[in-house]
Structure formats: structure tokens, C-alpha cells
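Data first, discussion second: the structure below is written as C-alpha cells.
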Amino acid sequence: MKEEERLLQIYEMMESPDQEKIRQLIEILKKEDSIAMREAIVTSLKYLDLQPFYEEIFNLFSSEDAYLRNAAVEIFGAKGSDAVAFLTSKMDSQYHEVRKLILDSLVLIGSPEAQLAVRAYIYDENPNVQITAVEYVGKLQDKESVPELIKLFKQKDEPMLRSTIIQSITELESEEGCREIFKYFSNTEIPEYLLPDFLKMVAKVGDLETILKTLNILKYSTAVAKDLIDFIEETANRFPEIKNNPKVQDMISKILNDPFVDEELKEILRGEEQ
């Protein structure tokens with residue numbers, strides 16, 4: 001049968017779907033090679049009542065076929081609150097790859113119930129799942145997660161996790177979170193790997209007091225010149241008076257006199273000074 005005819009058959013099944021036809025669509029999806037056919041089936045499944053078939057869709061998370069795994073995420077992501085209830089019942093799956101796909105589905109749903117489920121995953125035992133959950137609480141604007149993010153930051157020293165926590169606090173625009181991160185580093189040097197994210201956070205969401213305190217602890221090096229320029233530019237947009245701060249002027253001078261800093265970057269600062 002030609003692809004056009006098979007597509008027509010799929011569309012006809014969608015016009016008057018019943019449980020048997022839905023089951024057939026899922027089976028066709030698992031065996032089909034044509035991208036056009038697969039996409040037509042996935043689109044239809046996203047809009048059909050699949051509650052009796054959630055287990056079958058969930059099983060696609062364990063498929064060796066990446067398309068089917070991603071298709072299951074899309075389908076669950078289109079289903080709303082009833083899918084959240086099903087997915088949360090599977091949150092303790094022994095396979096971290098499956099837990100990651102549950103997270104991907106929950107973030108697509110984005111409901112308050114989904115937010116709570118995503119937040120629970122920030123304590124997952126698998127680092128990749130944990131980092132993804134931290135990223136997603138920021139994406140979902142789950143501002144109530146900030147205290148837990150700070151607690152996690154203090155407990156864990158995994159570089160990628162810490163970096164993602166700072167990024168999420170920035171995305172959540174949490175002044176409180178920013179102050180707590182700064183306070184944590186008040187008696188210890190900020191690791192170089194965290195400095196770009198730290199500066200971006202302070203520049204975007206820090207209050208003036210935190211910004212000024214950050215200026216007092218910053219040490220100049222060519223390696224972070226671009227990050228310092230972005231920091232100066234962002235803070236000056238929020239607090240124009242910061243440009244007259246002696247620490248900022250000193251930082252600008254060091255960057256402009258550094259022969260290893262790209263001239264295009266220096267032009268950004270010269271433009272700020274005008």
C-alpha cells in the first residue's frame with residue numbers, strides 16, 4: 001500500500017476513534033518507518049482520550065527507538081492533569097532514563113501539579129535527573145522551590161548541579177536566592193567554573209547592596225574579561241549610578257589596558273562610557 005493510502009487510512013481511523021482503533025494506532029506507530037506516518041499518528045494520539053492506554057504509551061519510554069521515546073513525551077505532555085496523576089505514580093521507576101523522560105513530560109504539561117512533581121525530582125539519586133529537575137523548576141517559574149535550591153546548593157558540590165542551581169535562581173529572578181548564594185561565598189572564593197553564572201545572576205537579579213558587595217570581592221583576570229563586561233553592562237542598565245563606582249572604574253581600566261582582551265569587547269566598554 002502506498003504511503004498516501006496508508007495516511008488516508010490513519011485519518012479515517014481518527015474520524016471515529018474507538019478503543020480498538022486507538023490500540024491499532026499505537027501498534028502501527030511502534031512498527032512504522034515512515035516519518036510522515038509516525039507524525040500523523042503522534043498528532044492524532046495527542047488529541048485522543050488515551051487514559052486506558054497510558055501504560056502502553058509509558059512503555060515507549062523504554063524503547064530503543066529515540067523517536068518513540070520522544071513521541072511518548074509529546075503525547076503525555078499534551079494530556080494535562082490526568083497524565084500528571086499517572087506519571088507521578090511512576091516516579092520511582094528504577095531506570096533513571098525513564099525518570100528523565102517523565103520529567104520531560106511534566107515540564108511540557110506545566111500545571112501546578114506538574115511543578116510539584118518536578119520539584120520532587122531535585123532530590124533524585126541520579127545526577128543527570130537531578131540537574132534536569134533543577135533546570136526545569138526554573139523553566140516552570142516555580143518560585144517556591146528557591147529555599148530547596150539553596151539547601152541543595154549548600155549540600156552538594158557537584159559543579160554542573162551548582163551551576164544549574166544558579167542559572168535557575170537567575171531565571172526565577174529571586175533576589176533572596178541571589179543573596180543566599182552570595183552569602184555562601186562571603187567567606188570562600190568563588191570557583192572559576194561558577195563565576196560566569198554567578199556574575200550573570202547578581203547582575204540580573206541582585207539588589208544594589210549585593211552588587212556592590214560583589215564588586216568588592218571580584219578579582220580581575222583576562223579569562224573572565226567578557227563576563228565582567230557583561231556584568232558591568234547589565235548592572236549599569238539597572239543602576240546607572242554604578243558606572244561611577246571606583247571599583248567599576250578600576251575594572252574598566254584594567255580591561256581596556258589588557259593587551260589580551262579582544263578590541264571588540266573593549267569597544268563595548270568604550271560605548272558604555274560615552
Side-chain angles (χ1 to χ4, degrees), residues 1-121 124 126-142 164:
M1 188 183 297
K2 293 181 180 180
E3 185 173 277
E4 292 81 0
E5 294 173 338
R6 289 189 292 138
L7 280 170
L8 181 60
Q9 187 179 58
I10 295 298
Y11 295 137
E12 287 174 351
M13 292 172 69
M14 290 166 55
E15 286 179 1
S16 55
D18 55 36
Q19 290 202 2
E20 182 54 36
K21 288 179 181 177
I22 292 173
R23 183 173 284 105
Q24 289 176 26
L25 283 173
I26 295 171
E27 289 304 311
I28 294 170
L29 176 64
K30 289 191 284 188
K31 298 173 184 176
E32 184 58 57
D33 292 325
S34 163
I35 292 296
M37 286 284 291
R38 281 182 156 190
E39 290 183 351
I41 294 170
V42 170
T43 298
S44 66
L45 293 176
K46 286 163 69 173
Y47 295 100
L48 296 174
D49 179 11
L50 296 185
Q51 285 196 54
F53 302 96
Y54 277 174
E55 195 71 39
E56 291 182 53
I57 301 300
F58 179 78
N59 288 337
L60 297 180
F61 283 164
S62 300
S63 171
E64 294 181 0
D65 187 335
Y67 183 93
L68 292 178
R69 297 196 300 271
N70 292 330
V73 169
E74 283 189 42
I75 293 167
F76 277 125
K79 294 304 175 183
S81 296
D82 59 296
V84 174
F86 174 84
L87 291 169
T88 53
S89 74
K90 301 290 188 178
M91 284 178 65
D92 60 352
S93 168
Q94 63 179 309
Y95 303 109
H96 72 269
E97 297 92 347
V98 170
R99 299 198 301 275
K100 165 66 168 59
L101 293 169
I102 292 173
L103 265 176
D104 293 342
S105 303
L106 290 169
V107 79
L108 286 179
I109 295 170
S111 66
E113 296 86 0
Q115 282 189 12
L116 289 173
V118 169
R119 194 192 308 170
Y121 268 128
D124 195 89
N126 180 270
N128 290 332
V129 175
Q130 189 175 44
I131 289 167
T132 300
V134 168
E135 176 189 347
Y136 284 171
V137 295
K139 188 173 183 178
L140 290 173
Q141 287 296 298
D142 180 12
T164 308

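Side-chain atoms are counted along with the backbone in the values below, which use heavy atoms only and exclude waters and symmetry mates. The first residue of the sequence shown is numbered 1, and numbering continues consecutively from there. All of these numbers come straight from a predicted model, not from anything done at the bench.
- For residues 88-97, the side-chain hydrogen bond (donor to acceptor under 3.5 Å, both in side chains) pairs, not counting sequence neighbours, are Glu55-Lys90.
- Nearest heavy atoms, Ile57 versus Ile26: CD1-CD1, 3.9 Å.
- A donor-acceptor distance shorter than 3.5 angstrom exists from the side chain of Arg69 to the backbone of Glu64, with no hydrogens or angles considered.
- Distance check, rounded to the nearest 0.5 Å: CG of Asp18 to CG of Asp49 gives 12.0 Å.
- Note on ring orientation: taking the six-membered ring where Trp is involved, the planes of Phe58 and Phe76 are perpendicular (angle over 60°, cut-offs 30° and 60°).
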**Request:** Starting from the C-alpha separation in whole Å, work towards a yes-or-no answer on side chain to side chain contact (heavy atoms under 4.5 Å, CB included) for Lys21 and Leu25.
**Result:** CA-CA 6 Å; Lys21 288 179 181 177; Leu25 283 173; 5.7 Å; no
**Request:** Output, in order, the C-alpha distance, side-chain angles, deciding distance and verdict of side chain to side chain contact (heavy atoms under 4.5 Å, CB included) for Tyr54 and Lys79.
**Result:** CA-CA 10 Å; Tyr54 277 174; Lys79 294 304 175 183; 3.4 Å; yes
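- Side-chain N or O atoms of Tyr121 include one that pairs as donor or acceptor with a backbone N or O of Met91 at under 3.5 Å.
- The CD atom of Gln24 sits 6.5 Å away from the CD1 atom of Ile28 when rounded to the nearest 0.5 Å.
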Distance-only criterion, 3.5 Å: show the donor-acceptor pairs between side-chain atoms of residues 101-120 and protein atoms not counting sequence neighbours.
unit_1, atom_1, unit_2, atom_2, d
Asp104, OD1, Lys100, NZ, 3.0
Asp104, OD1, Tyr136, OH, 2.6
Asp104, OD2, Lys100, NZ, 2.9
Ser105, OG, Leu101, O, 3.0
Ser111, OG, Glu113, OE1, 3.1
Ser111, OG, Ala114, N, 3.2
Gln115, NE2, Leu140, O, 3.0
Arg119, NE, Asp142, OD2, 2.8
Arg119, NH2, Asp142, OD1, 2.9
Arg119, NH2, Asp142, OD2, 3.4

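- Rounding to the nearest 0.5 angstrom, the gap separating the CD atom in Glu56 from the NZ atom in Lys30 is 6.0 Å.
- Remark: Asp65 engages Arg38, Ser63, Tyr67, Leu68 in a side chain to side chain contact (heavy atoms under 4.5 Å, CB included) (not counting sequence neighbours).
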